[in-house]
Amino acid sequence: TQLLEQSPQFLSIQEGENLTVYCNSSSVFSSLQWYRQEPGEGPVLLVTVVTGGEVKKLKRLTFQFGDARKDSSLHITAAQPGDTGLYLCAGEMGCVDNNNDMRFGAGTRLTVKP
Amino acid sequence: DAGVTQSPTHLIKTRGQQVTLRCSPKSGHDTVSWYQQALGQGPQFIFQYYEEEERQRGNFPDRFSGHQFPNYSSELNVNALLLGDSALYLCASSYTSGTGRSNTEAFFGQGTRLTVV
């Protein structure tokens, strides 16, 4: 079982639509990252959220960290075909031993049709 | 400034063989983590190297081992390959501060696609 559950698993929308993808866990994370990955490539970091309730914006992308630091959401406004890709969330576990052991969700595969 | 580089990009091995994958971290980074990503899945943490030692390990068998060199580059070795080891192997680098706490912003290489036949 995944420590981080991402939903939906697949999402196919038309250009110009809005969408939200979710990343949920029963565990508390000291920080959470969102990555975007294209086929055959490594994940590319989009944002890191650290504080419960934090909201970060990156152009048309809005990221929110849950108040309890157990969940996060990514909202995309007016999606474009270039947004197509696998969106991964990764949470950093506790800092008991100062190691940043990142755990990934299975990802949401987004397809934006022109 | 080169980012994280991995070699080779693709590899085909026969079941039972051994394989070595290589990673050079981003300039200024001293910590290397390895991940296995099966098709359609998120990356799974294998282990992390810092100061030439393995300091954290995920749920992978001893067939998976690694090494970090004084220049911070790293190798991932897999012995007795199984068909199920076929995956994209990702290397991520980050920086560990003087307090020993690794920066959470990891940068990934493009991966090595391993196919076991």
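Among residues 36-43 of chain A, the residues having any heavy atom closer than 4.5 Å to a heavy atom of chain B are, in sequence order, A/Q37, A/G40, A/E41, A/G42, A/P43.
Salt-bridge check for B/D85 with B/R63: passed, with a basic side-chain N closer than 4.0 Å to an acidic carboxylate O.
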Exercise. Checking side chain to side chain donor-acceptor pair (under 3.5 Å) for the pair A/T20/A/H75: CA distance, chi angles, key distance, verdict?
Worked result: CA-CA 4 Å; A/T20 301; A/H75 181 80; 2.7 Å; yes
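The distance from atom OG of B/S93 to atom CZ of B/F108, rounded to the nearest 0.5 Å, is 9.5 Å.
A donor-acceptor pair shorter than 3.5 Å can be found between the side chains of A/E92 and A/S30. In the model, B/S73 has no side-chain atom that pairs as donor or acceptor with a side-chain atom of B/S24 under 3.5 Å.
The side chain to side chain donor-acceptor pair (under 3.5 Å) check on B/H67 picks up nothing, with sequence neighbours excluded.
Heavy atoms of B/Q37 lying under 4.5 Å from chain A belong exclusively to its side chain.
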